[in-house]
There are 2 protein chains.
Amino acid sequence: MNNPWVMKMEQFTAFTKEERTRLDAIITSKQREFQAQEDVIADGAHSDYCHVLLTGLACRYKILPDGERQIMAFLVPGDLCDAEIFILKRMDHAVGTLTPSTTAMIHSSEMKTLLREASPISEALWWGTMTDLGVLRERILDLGRRDSSERLAHLLYEMLVRYRVSGATKTNSIDFPVTQTDLADATGMTPSHVNRVLQRFREDEMIELRSKTLTVTDPARLKSLGQFNPAYLHLDRTEANDLAVSSRVGDLIG
Amino acid sequence: MNNPWVMKMEQFTAFTKEERTRLDAIITSKQREFQAQEDVIADGAHSDYCHVLLTGLACRYKILPDGERQIMAFLVPGDLCDAEIFILKRMDHAVGTLTPSTTAMIHSSEMKTLLREASPISEALWWGTMTDLGVLRERILDLGRRDSSERLAHLLYEMLVRYRVSGATKTNSIDFPVTQTDLADATGMTPSHVNRVLQRFREDEMIELRSKTLTVTDPARLKSLGQFNPAYLHLDRTEANDLAVSSRVGDLIG
DNA sequence: CGTCGTGTTGAACAAGGTCAACGATTGTGG
DNA sequence: CCACAATCGTTGACCTTGTTCAACACGACG
């Protein structure tokens, strides 16, 4: 069974067959389909369920009073959309899809049970939350101290690594159907400027980005331009084990 | 007993006398003193203890290859410095003091115990982590979509609110001994520009900031300039109860 | 009384934003 | 299968914000 949630968490810890079966059951029991540009959960909303993204691409975002949008994080298969909702009254931001997507719905009570166990699963859930914090901090570093080229390079490289981790690709190409406006909203730039920087990347033959596919033709240069250091993703087991997917991730983060 | 950790968490949930006693015991058992500009925990380090800031002012930061520093968060009394360390191998950033500070040290095993209970304490710890995520997201909003004045206004107002929550002040003045360089590193600006913006704030009689004390003379205008919306702090109980400190926080976030 | 960290100021400069127009794609209904 | 609309990508000229860099002022502190 293809379970990106398990694949992601297994970058942190190994599961037993029983644990894997249990997690498979959880994500199978109640699923929900979304179209593109639909809210998985709206700003200010509450829900009795947490959502795990299974397929597609989503993002966390906020809309400012003047209508501008800031994308604070991209979500790839295996990511938890709203871990906070089982403890907080309301969302302080929205999660929306960028492409048609599927989520698994996990009831708050089940989340609480999972978290309170002294098990690899609860530790992996904590690890996921801590990794989310790390990704946000890295984005702050981007926005505060890196120029537009470095920012875009970092973001694109990070997406490639995370797609590898989720098992969505094993090559240097990913399905990345975002508009330049989306990239602008994520990097704090204007669409025009994203366009100009992407063109430079293409001229320099670092990437191809067309018809919704991103191909990184020169990963080493993209990584170094973006000053990418994978420490903040805490992919602890990636170097140690010999899974095909992980050793391939290892190529990227080595 | 003055326990800012409890004060902070009680913005989320009420504790029983026993729980309060227990938390008091935890922060009393093992403390550590720091001078100004000292690392509580270094980038890449591991520790068997989590630190709760009890007095002073600290920050999370990263140093870039070119020596530039980005401050990703300020920590006030009651904040957990390194919740991740009991689950992750190494820090992906550093936590350092800005002023002489005191921390309480909590052993990893005790943190795990606290987190696994079905108790108000474990829920409050989760709440604290979720609030940290919210603060980071708000910082991303700042850096990505607000100009320098809005950013600084937002940051200063947030600090005032958080000092109120921690019980460190009940007025519109806070002890805020940061340099303009610190503010620049936190807001992604240059020190010169921070200086110019602060001068404008002073001319407009919104704030006074001298000899290490910040006084907000026009909270309403600072709040509106920074587009401050307190939802992301999840101060759920602030409106509902009648504690002096909380009703005063209520003035700020209403 | 000198020194060091910090705050302040100015002028030249660059990165990126703004705005408006135009091209290219994609998707849709007839 | 084509015509059309809508969305997205591309381009250029101009402009604003904030940076750079250097000089100087101020105050705390030995």
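Small disclaimer: the values here were computed from a predicted structure and weren't measured. A, B, ... follow the sequence lines: proteins, then strands. Residue 1 opens every chain.
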Task: Interatomic spacing from NE2 in A/His93 to CD1 in A/Ile71 - rounded to 0.5 Å - done: 12.0 Å
Task: Test applied, side chain to side chain donor-acceptor pair (under 3.5 Å); reference residue, B/Thr55; option that passes from B/Thr99, B/Thr102, B/Thr103 - done: B/Thr102
Open item on the list: Using a 4.0 Å cut-off on heavy atoms, which residues in residues 145-160 of chain A reach DNA chain C? List them by number, or say none.
Closed with: A/Asp147, A/Ser148
Task: salt bridge (Lys or Arg N to Asp or Glu O under 4.0 Å) against B/Glu138, all qualifying residues, sequence neighbours excluded - done: A/Lys62, B/Arg146
Open item on the list: Please give me the minimum heavy-atom distance between A/Ser148 and A/His193, naming the atom from each residue.
Closed with: OG-CE1, 3.0 Å
Task: Of B/Arg196 and A/Leu198, the one whose closest DNA chain D nucleotide lies more 5' - done: A/Leu198
TODO: Give, for atom CG of A/Asn195 and atom CZ of A/Arg200, the distance between the pair rounded to the nearest 0.5 Å.
DONE: 11.0 Å
Open item on the list: Give me the atom names and distance for the closest heavy-atom approach of A/Pro191 to A/Ala184.
Closed with: N-CB, 3.6 Å
Task: Straight-line distance of B/Ile41 CD1 to B/Cys50 SG, nearest 0.5 Å - done: 8.5 Å
- [ ] Any chance you could lay out the side chain to side chain contact (heavy atoms under 4.5 Å, CB included) test for B/Leu160 and B/Leu214, step after step, and finish with the verdict?
- [x] CA-CA 9 Å; B/Leu160 177 58; B/Leu214 166 68; 5.6 Å; no
Task: B/Leu53 CG to B/Thr97 OG1 distance, which is reported to the nearest 0.5 Å - done: 9.0 Å
Open item on the list: For chain B and DNA chain D, what are the first and last nucleotides along the strand, 5' to 3', with at least one atom under 4.0 angstrom from a heavy atom of the protein chain?
Closed with: D/dG18 to D/dC21
TODO: Assess whether atom CZ of A/Arg90 is packed by more than 12 heavy atoms of other residues, nucleotides or ligands within 6.0 Å.
DONE: no
Task: Plane angle bin for A/Tyr163 and A/Phe176 - parallel if under 30°, tilted between 30 and 60°, otherwise perpendicular - done: perpendicular
TODO: Check each residue of residues 61-69 of chain B for a non-hydrogen atom within less than 4.0 Å of any atom in DNA chain D, then write out the ones that pass by number, or none.
DONE: none
TODO: Using heavy atoms to find the nearest nucleotide of DNA chain C for A/Lys212 and A/Val194 separately, return the residue whose nucleotide is more 5′.
DONE: A/Val194
Task: Span of DNA chain C, from the first to the last nucleotide whose atoms fall under 4.0 Å of chain A heavy atoms - done: C/dG16 to C/dC19
- [ ] Can you label the angle between the B/Phe34 ring and the B/His51 ring as parallel, tilted or perpendicular, going by 30° and 60°?
- [x] perpendicular
TODO: Check each of B/Asp43, B/Asp92, B/Asp132 against A/Arg137 using the salt bridge (charged side-chain N to carboxylate O under 4.0 Å, His left out) test, and report the only one that passes.
DONE: B/Asp92
Open item on the list: Base, sugar-phosphate or nothing for B/Arg202? Non-hydrogen atoms, less than 4.0 Å.
Closed with: sugar-phosphate
Open item on the list: Taking the nucleotide of DNA chain D with the nearest heavy atom to each, does B/Ser192 or B/Arg200 sit closer to the 5' end?
Closed with: B/Arg200
- [ ] Could you tell me whether a side-chain N or O of B/Arg151 sits under 3.5 Å from a main-chain N or O of B/Thr187, the two making a donor and an acceptor?
- [x] yes
Task: Side-chain donor or acceptor of A/Asp185 paired with backbone N/O of A/Asp182 under 3.5 Å - done: no
TODO: Give, ordered by number, those residues of residues 173-186 of chain B having at least one heavy-atom distance below 4.0 Å to an atom of DNA chain C; if nothing qualifies, reply none.
DONE: B/Thr179, B/Gln180
